[in-house]
Every structure is written in structure tokens, then in C-alpha cells.
Amino acid sequence: MSTPYPFTAIVGQDDLRLGLLLNAVSPAVGGVLVRGEKGTAKSTAVRALTALMPKVHVVSGCRFSCDPVSPDPACPDGPHEAGAGVSRDARMVELPVGASEDRLVGALDIERALAEGVKAFEPGLLADAHRGILYVDEVNLLHDHLVDLLLDAAAMGASYVEREGVSVRHAARFLLVGTMNPEEGELRPQLLDRFGLTVEVAASRETDQRVEVVRRRLAYDDDPAGFAGKWADEEGALRARIVAARALLPEVRLGDGALRQIAATCAAFEVDGMRADIVMARTATALAAWAGRTDVLAEDVRQAALLALPHRRRRNPFDAPGLDEDKLDDTLEQNSGEDEDPDPDGPGGGGRPPQGDGPDTPPQPEGESGDTPAQSVPEQGQEQEQEQGRSSGAGEQQPVRAAEPFRTKMLSVPGLGEGAAGRRSRARTEHGRTTGARRPRGALTKLHLAATVQAAAPHQRARGRSGRGLVVRRDDLRQATREGREGNLVLFVVDASGSMAARQRMSAVKGAVLSLLLDAYQRRDKVGLITFRGKDAEVVLPPTSSVDAAAARLELLATGGRTPVAAGLLKAHEVLRVERLRDPSRRPLLVVVTDGRATGGPEPVALASRAARLHEAEGVASVVVDCESGPVRLGLAGGLARDLGGTAVTLDELRADSIAGLVKDVQSAGRRAA
């Protein structure tokens with residue numbers, strides 16, 4: 001087994017280390033979500049935490065880690081009698097993003113269950129993680145059906161496995177730790193709220209800290225065991241402090257004053273539900289225990305708010321997480337309690353985790369609290385140069401703000417796909433309504449009971465059936481085929497030419513695209529953004545799961561110049577060709593946002609028509625959002641939609657509450673031909 005990187009050797013990242021340590025002290029805090037750019041020691045810190053966790057007492061031979069003091073009466077390996085048990089190290093179980101449902105919750109041997117009535121159950125990762133750590137790297141890329149299973153287990157503290165009336169239940173209480181890079185997409189709100197704490201991490205901009213990070217990492221890579229040995233004393237001291245804080249935790253008093261501050265803070269920041277209040281109370285209590293105190297102070301409440309509230313204040317995926325610290329301080333001051341210890345420097349020295357005092361530890365910058373400030377948003381149009389040359393009389397104009405987003409009609413790809421699970425287009429999936437049966441390819445995951453019985457019934461006499469049980473063999477088993485929904489690649493091709501800036505249309509256009517991006521987030525799509533103006537088209541955002549990145553690029557989009565529609569469509573054709581090689585099962589949906597007025601170069605309209613027919617020939621589902629307005633309309637966007645083999649909708653028709661219709665399914669070339 002490889003030697004993990006020592007937790008105390010991690011340079012900086014105070015909030016990350018504090019969030020993990022608080023969960024080690026009090027697992028009831030509810031886990032931690034670590035958000036940050038790549039290469040910021042997210043995974044290293046999580047894996048290093050395992051070595052600091054206190055040992056776990058379990059029933060000997062129990063695959064479900066039952067506590068010998070109070071064993072689970074419903075344990076599949078039980079019943080167990082209370083006893084001494086054995087001790088082992090706490091486990092950290094990693095959940096791969098591409099794991100199957102059976103790998104997560106466990107698998108039942110359906111053949112034995114039907115033929116012998118035996119619940120032959122193979123535990124999954126949830127059973128392995130019971131009373132330990134469940135770590136999900138790139139948690140924002142986890143498939144929806146696995147997210148649902150995690151939510152259920154985290155909420156109930158148990159995992160249920162059911163296959164055609166045969167069910168198994170076992171305890172599944174674990175510390176949930178997730179890491180993610182926000183550039184690759186956001187989490188579903190339900191899972192985001194399930195994490196007790198969240199921390200934002202970023203690489204230090206201090207030269208000395210960066211030098212020390214590299215120095216320590218190189219030393220570890222050269223001799224992991226020797227490097228870990230140099231930090232053994234610091235690791236032992238931190239482990240002892242965790243044990244002491246756990247022992248002190250039941251004695252910590254959360255007074256009425258601190259409770260009032262917690263409630264007032266959650267109300268002031270308008271967080272949904274009551275989970276935030278409960279998490280803040282548990283976090284503040286853990287902070288006091290970590291500091292060696294038995295009373296919760298205002299500083300504990302403040303730190304708890306900075307860790308527990310930022311991710312709960314988001315109303316849509318385009319909101320940056322963060323907390324107004326001035327407002328937080330005002331709220332705490334207005335609701336200061338009478339029961340606080342007046343001495344802020346009580347025993348324990350505060351809630352911060354110790355930075356290792358090992359060799360060559362760099363000095364920490366003064367005044368850093370480790371709190372993650374809200375990210376500042378650059379002013380629109382900052383440092384953008386104006387084009388001096390004009391083509392067709394329209395120079396570049398500064399970006400305009402998007403209009404308020406709205407709920408859009410659902411645009412779907414026709415036919416039946418087999419892409420990643422999502423919520424847009426029809427697809428063959430592992431979850432959904434049953435539509436038929438087939439022989440299983442590989443392991444059986446969803447039994448079609450009626451088809452299995454029908455396949456086994458004609459052979460009962462030949463197999464010597466004598467009793468009431470059905471004699472079932474593997475060849476009789478039938479896999480249920482199911483139909484659900486898939487996520488698509490929604491590629492936006494946005495006209496940013498001078499004609500779109502006329503009559504302030506660009507604000508409405510940006511609002512419409514922003515609305516479609518929000519819809520794509522909710523339907524678990526990948527998105528890409530191409531813009532065209534002047535003489536060429538540009539891939540502003542390559543296909544990604546991060547819709548908030550697309551929204552940010554859209555907000556800074558300037559307009560002006562001619563309208564090279566053909567260039568935009570040809571660029572889209574190239575992007576889709578590459579994505580088809582990368583992910584052939586994910587079907588694309590092309591959304592062209594334009595007024596259709598192609599200009600610039602020889603025969604711009606004919607060239608745009610030929611470029612559109614390339615997409616039609618490949619059966620790409622497409623829709624044209626017609627942005628033309630005013631009393632005189634040329635209908636050019638409708639003609640472009642016909643060349644694409646798709647559908648044209650106006651900005652008004654795009655709204656879900658429009659009287660133009662309920663749902664517009666995108667027509668593909670193949671469907672039109674049929």
C-alpha cells in the first residue's frame with residue numbers, strides 16, 4: 001500500500017483543512033464539498049485525512065461494519081450479539097464517476113433468489129463506506145441515477161436494494177466528501193444542499209508558498225516513507241487533537257444567544273429550508289470543541305456561516321457562491337448573545353487547523369483568515385478595444401446586459417438515443433419505464449420477471465421439476481429494456497453582428513440564450529457556444545458541462561460588423577465532427593440564434609444555405625431562433641431553418657407560456673425524409 005501524503009504537510013489551504021477536520025470531529029456536520037481549480041491539492045487533502053481518523057470498532061466478520069455495542073438488527077450478516085468486536089482503521093471508499101448502480105449499492109443474485117429463495121447479496125461501496133468516508137472525485141460529473149441513490153442513503157442512513165420484490169437493507173452512514181472543478185459544470189441543487197460545508201480552494205499567489213509546495217512535493221515523490229516519517233510527530237499530535245475534540249464535543253454548550261445568531265444569520269441570507277440552521281449549529285459546536293472550549297462563541301458562529309451558507313444561497317447555476325462578510329458581521333452584532341465568553345482567546349487557540357511546523361515551513365502572510373471572499377466580477381467591456389474600421393457601417397458596440405431569463409419550451413432531438421442519462425430527449429437507459437425484454441449482455445442489472453418466467457416455463461418437466469419452486473437457469477434470465485431521457489450536446493451558434501445590435505435587440509437575444517442555458521443545466525446537457533460577426537466565427541466556449549461558464553462568456557459578448565452566417569455554421573460543423581469522435585453516443589442539438597441576414601463576401605446567402613445543408617445531410621437536429629423584429633420582416637431565418645432541416649421559432653414562441661404551442665420537437669432531416 002502506498003504511503004499517503006501527510007495531512008500536516010499541506011501548505012496553506014486553511015479552509016479546506018478546517019472543513020475536513022471539523023467533519024472528522026463531528027461527522028454529524030454532514031460532509032464537505034471542495035470546489036476549486038485543478039491542481040490545488042483537493043484529492044491529496046481528502047486522502048490524507050483518512051490516516052487521521054480514529055479507529056473503528058466493528059463486529060468481527062461483519063461485511064457491513066456493525067458497531068459491536070449496538071449492532072444493526074436488520075444487518076444482512078446478522079443478527080449479531082453485542083460484544084467486544086475488533087478495531088480497524090477507518091476506510092475511505094472512492095466512488096468512480098462511471099460506477100454502475102450495482103457497484104454502488106450492491107448486487108442480488110436473482111437466479112438464486114428465484115430458484116432457491118436465498119438472498120445472496122454482494123455488498124457495494126455504500127456498505128464499505130459505512131462508518132467511514134465516501135469520497136467522490138469530480139462529483140459534479142456523477143450520473144443522475146447515482147446521485148439519487150446517494151441522496152437517499154445520506155438522508156436515511158441506510159441503503160435499500162430491491163430487485164423484483166426481493167429486497168435487502170443495511171445501514172449506510174458515512175462522511176460524504178466531494179471534490180469538483182466548477183469549470184466542468186455545477187451540481188444539482190438537491191445534492192449541493194446535502195453537503196454540510198463547502199470550501200473554495202485556489203492556488204496561492206504568494207511566491208514563497210508556491211516554492212514550498214513544489215519543494216515538499218518533490219521530496220515526497222523521491223521518498224514517500226521518509227517524507228512521511230518527518231511529519232509523523234505532527235500527524236500524531238493532530239490525531240490526538242481530533243480524539244480530544246470528539247471526547248469534548250458532548251460537553252459543548254450551544255447557548256440561546258448563539259442559537260439566535262445562527263437563526264438570524266440564516267434568515268438574513270434567505271437560505272431555503274432549515275438544514276442550514278442545523279448544519280451551522282453542529283459546525284459551531286464542532287469549532288468550539290476543536291478549540292478546546294465548552295461554550296460556542298460568536299467567532300464560531302461566524303466561521304460556521306462562512307463554511308455552511310455560501311453554497312445554499314445560490315438561486316441558479318449562474319450565481320457565484322459567496323457571502324457578504326460585512327452583512328454577516330452586522331447580523332451577528334445585532335443579535336449578539338449574553339452567554340458568550342468575553343475572552344475570544346479561550347483555551348485551544350481558535351478554530352484554525354495547525355500548519356505543520358516541520359522543516360522549511362514558509363511564513364504565512366499576515367492578516368489572512370483563509371476565508372474565501374466572493375469573487376469580484378469584472379466590469380463589462382473592461383479593457384476591450386473599439387474597432388476603428390467599419391464594415392457595412394456598423395462598428396463594434398459595447399456588451400449589453402442580458403434580459404431577465406424565462407422558462408423555455410422543451411426542444412428535443414427526435415428518435416431514440418443511447419447517450420448519457422439526462423432529461424431532454426428519449427433514449428434507451430438503465431432507468432425509466434419498461435418497454436420490453438432481451439437476453440442480458442454481461443451482468444444482469446434489471447430483471448424482466450414475466451419474460452424470465454415465460455422463458456423458463458416450457459422446460460420445467462425436462463429439468464425434473466418436482467416441487468413448487470421454478471427451476472430457472474441463466475439462459476432463462478431476461479434483461480428489461482427501459483426508456484428514459486438522455487442529455488444532449490446543445491451547441492449554440494449566436495449571431496453577434498451589427499444587425500443584431502439594432503433596436504437594442506441584443507439584450508433580448510442574450511436573455512433568450514441565457515434561458516436556454518438554464519434549461520440545458522436542468523436537463524443535464526453539455527453546451528458549447530460559437531459566435532459569428534465581422535469576417536469569421538469563433539468558438540467562445542468548447543463543449544462543456546459548465547453552463548455558468550457559457551453564461552459568463554455570453555455576458556461579455558460584444559456586437560458589430562457584418563453577418564458571416566456560413567462561417568458560424570461551418571465552425572459548428574467542425575465542432576460537432578470532433579465531438580462525435582469523442583462521444584459518439586451523445587446526440588447534438590444545434591441552436592442557431594440569428595435574424596438570418598447573411599452579409600459579407602460573395603453570395604453570402606447562397607454560401608450560408610450550402611453550409612446549412614451540411615448539417616441536414618448528417619441528420620443534425622436543429623432549431624433557428626428567429627430574432628427578426630419590427631414591422632418589416634424578411635423571413636430569412638425561416639429559410640435557414642428549412643436548409644438545416646429543422647424548425648424556426650421566434651423569441652416570443654420560445655417562452656413556455658407562449659400561446660404558439662406547448663412543445664416544439666426539433667425536426668431532423670431523417671424524420672422529414674420519412
Side-chain angles (χ1 to χ4, degrees), residues 384-397 399 489-502 505-506 509-510 512-513 516-517 527-544 550 553-554 556-581 588-628 634-646 648 669:
Q384 289 186 342
E385 297 181 358
Q386 293 285 342
E387 287 184 356
Q388 299 300 322
R390 289 174 176 258
S391 55
S392 72
E396 180 177 305
Q397 299 188 20
L489 167 58
V490 182
L491 183 60
F492 294 92
V493 182
V494 180
D495 185 347
S497 64
S499 64
M500 296 292 287
R505 271 187 287 164
M506 202 59 196
V509 169
K510 284 187 176 182
V513 178
L516 290 167
L517 284 171
V527 297
L529 179 61
I530 295 172
T531 63
F532 59 91
R533 67 185 181 91
K535 296 181 179 180
D536 205 356
E538 177 187 5
V539 180
V540 176
L541 184 72
T544 175
R553 307 289 173 86
L554 178 72
L556 297 176
L557 181 63
T559 57
R562 296 186 182 275
T563 313
V565 177
L569 295 176
L570 290 174
K571 184 70 73 174
H573 184 267
E574 176 63 18
V575 169
L576 293 181
R577 183 188 67 81
V578 173
E579 286 300 309
R580 199 174 293 118
L581 296 175
L589 173 61
L590 183 65
V591 179
V592 184
V593 185
T594 181
D595 57 9
R597 300 185 181 186
T599 60
E603 299 183 344
V605 176
L607 191 59
S609 178
R610 288 197 295 271
R613 291 196 183 100
L614 288 175
H615 293 281
E616 181 194 32
E618 295 182 356
V620 176
S622 59
V623 60
V624 176
V625 180
D626 185 358
C627 302
E628 194 172 31
L634 303 179
L636 297 175
L640 182 63
R642 288 190 293 273
D643 290 332
L644 286 166

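In this chain, residues are counted from 1 in sequence order. Values reported hereafter were calculated over all heavy atoms of this structure, with side chains retained and with hydrogens, waters and symmetry mates removed. On a predicted model such as this, the values are computed, not experimentally measured, just so you know.
In this structure, Leu569 CG and Leu607 CG are separated by 9.5 Å, a value rounded to the nearest 0.5 Å. Rounding to the nearest 0.5 Å gives a distance of 11.0 Å between CG of Leu541 and CZ of Phe492. With values rounded to the nearest 0.5 angstrom, Leu489 atom CG is found 8.5 Å from Leu589 atom CG.
Residues Cys627 and Val593 have side chains in contact (heavy-atom distance under 4.5 Å, counting atoms from C-beta outward).
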### Task
Would you check, one step at a time, whether the test side chain to side chain contact (heavy atoms under 4.5 Å, CB included) holds for Leu636 with Asp595?
CA-CA 7 Å; Leu636 297 175; Asp595 57 9; over 6 Å; no

### Query
Yes or no on side chain to side chain contact (heavy atoms under 4.5 Å, CB included) for Val490 and Leu516, after CA distance, side-chain angles and deciding distance?
CA-CA 9 Å; Val490 182; Leu516 290 167; over 6 Å; no

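Side-chain atoms of Lys571 do not come within 3.5 Å of backbone N or O of Phe532 as any donor-acceptor pair. Here the side chain of Lys535 pairs no donor or acceptor atom with the backbone of Pro564 at under 3.5 angstrom. The backbone N or O of Gly596 lies less than 3.5 Å from a partner atom in the side chain of Thr594, making a donor-acceptor pair. Although no hydrogens or angles enter the test, the distance criterion places no donor-acceptor pair under 3.5 Å between the side chain of Thr599 and the main chain of Arg562.
When all heavy atoms are compared, the tightest approach of Gly638 to Ala648 is CA-CB, 4.1 Å. The two residues Leu557 and Met506 make their nearest non-hydrogen contact at CD2-CE, 3.7 Å. Contact detail for Leu554 and Leu529: the closest heavy-atom pair is N-CD2, 4.2 Å. Scanning both residues, Arg553 and Val540, for their nearest heavy atoms gives NH1-O, 2.7 Å. Shortest non-hydrogen contact noted between Ser497 and Gly561 is CB-O, 3.6 Å. Across all non-hydrogen atoms, the minimal contact from Ala608 to Ala598 is CB-CB, 4.4 Å.
With sequence neighbours excluded, the residues satisfying salt bridge (Lys or Arg N to Asp or Glu O under 4.0 Å) with Arg613 are Asp643. Asp495 pairs by the salt bridge (Lys or Arg N to Asp or Glu O under 4.0 Å) definition with nothing, not counting sequence neighbours. Ala572 meets the side chain to side chain contact (heavy atoms under 4.5 Å, CB included) test with Leu491, Val493, Ile530, Leu590, His615; sequence neighbours excluded.
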Anything under 3.5 Å between a donor and an acceptor, one on a side chain of residues 573-581, the other on a protein residue two or more places apart or in another chain? List them.
from	atom 1	to	atom 2	distance (Å)
His573	NE2	Glu618	OE2	3.0
Glu574	OE1	Arg577	NE	3.3
Glu574	OE2	Arg577	NH2	2.7
Glu579	OE2	Arg582	NH1	2.9
Arg580	NH2	Glu618	OE1	3.3

